[in-house]
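Structure record follows, encoded as structure tokens.
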Amino acid sequence: MTHRSLRRGGSRLRKLWVPTLVALAMLATACGGGGPTGPGNGQNSLHPKGRSAEKIDNLFTPVAFVAVAVGIFILAATIFVALRYRHRPGRDDRPKQTHGSTPVEIAWTIVPALILLIVAVPTISTIFDLAEEPGRDALQVTVVAKQWWWQFEYTGLGEKGNEQVVTSDELHIPTGRDVRVKLKACDSSLPGGFNGGPGCNVIHSFWVPELAGKRDVVPGRVNETKLRADNAGTYLGQCAEYCGLSHANMRFRVIAESPSDFDAWLAGQREGPAVKLADAGEASNLFQKKFQCTNCHTTEDSTLSVYGPNLTHLASRSTFASGYYELTKAKLVEWILDAPSLIPMESEDCRLPGAPGGPGVTCVGMPSFTKDTPKGAPVMTRAEAETLADYLLKLK
Ligand code: CUA
């Protein structure tokens, strides 16, 4: 190498260093930042807070070290070979050619096999651990994945065990107790069946990174997983399988609380509405007749699974819209007026003739009541939206 080419090589290297350092810095901070559950974004599977997540993390950490060691070895060997045998001006001799080497071939067969064998031991034992049945006193919850929000059904309630409570967005669980979670896509959740209806034909994935691993939610079958939180707190969940327009907004919260707080919450959810629709004055007319909210929602019966979220105890939640927004009057009014402007939904055609599910009609989610309103459908005023929000926010 001449002096000049060395210098050129040096400045090229320096040019590479800057982007490399920037990329490393970005990588190091990618999981940082603040979040609702403290440092981090509240979805860090490397900071497990539940038993299943702990088991997964205990497997992940040692396997990651093995993988990084193998990766560094391969990278170093590649760089070494590329530098050692690179082309040099004036040296056209080929490296010494060999064919076959029994000791080397035996080594590179046996060493990876041994590494895989070592990794397999904790992997298989973790798989069996995670598949263990939840305890006998486990709380039963059926989770229904809809487009794009989560419904939670607490089943097996009442003296005969045939009662249930339906809620959404916020999954309350008692601390220190296993929760058996049955996962369904929405096709089988409605009375009379709603087979393959709009929004019922895609796969979702239920994931609370700090509590447990991912589990797919598949139309036409029931999958199971379990949760257990030993400490009270709010744990963020997220749909982890691409499921359409608002997949990224398909969030939820797991609220773990002491058994007595949980019992009090569940008792409240089993009660009737704080305000009966018939007693809601003008809101009753708007909700039932003018805007036909009752086509998709109920505010009267917390045991029912309907097309949209059950709103009987909406005001007992701190968030709405799949946990995307804090439940405030201002946000709720905005949402009632024009939900698709807050979260992308395929609902512009919802009130066209033939909807929902008619030929060529896409209808998933809340319609806009202020724009794209098909001919003849009433447009909502802000005052009407406020009347509706006032009514809904009374439903503790
Ligand atoms: Cu549901 Cu992604």
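Start at 1 with the first residue, then count along the sequence. All values reported here derive from a predicted model rather than from experimental measurement. Each ligand, and each atom within it, is numbered from 1 in the order the structure gives.
For atom 1 (Cu) of ligand 1, protein N/O/S neighbours under 2.8 Å (waters excluded) are H204 ND1, C239 SG, C243 SG, M250 SD.
There is no path of hydrophobic side-chain contacts, each under 4.5 Å, that joins V166 to V306.
Below 30°, between 30° and 60°, or above 60°: for F320 and Y325 the angle between ring planes is between 30° and 60°, a tilted geometry. In this structure, Y242 and H247 have perpendicular ring planes: the angle between them is above 60°, well past the 30° mark. Between F206 and W150, the two ring planes are perpendicular [angle over 60°; tilted spans 30° to 60°].
Side-chain contact check for F291 versus I336: every heavy-atom pair is 4.5 Å or farther apart.
Considering only residues two or more places apart in sequence or on other chains, E170 meets the salt bridge (charged side-chain N to carboxylate O under 4.0 Å, His left out) condition with none of them.
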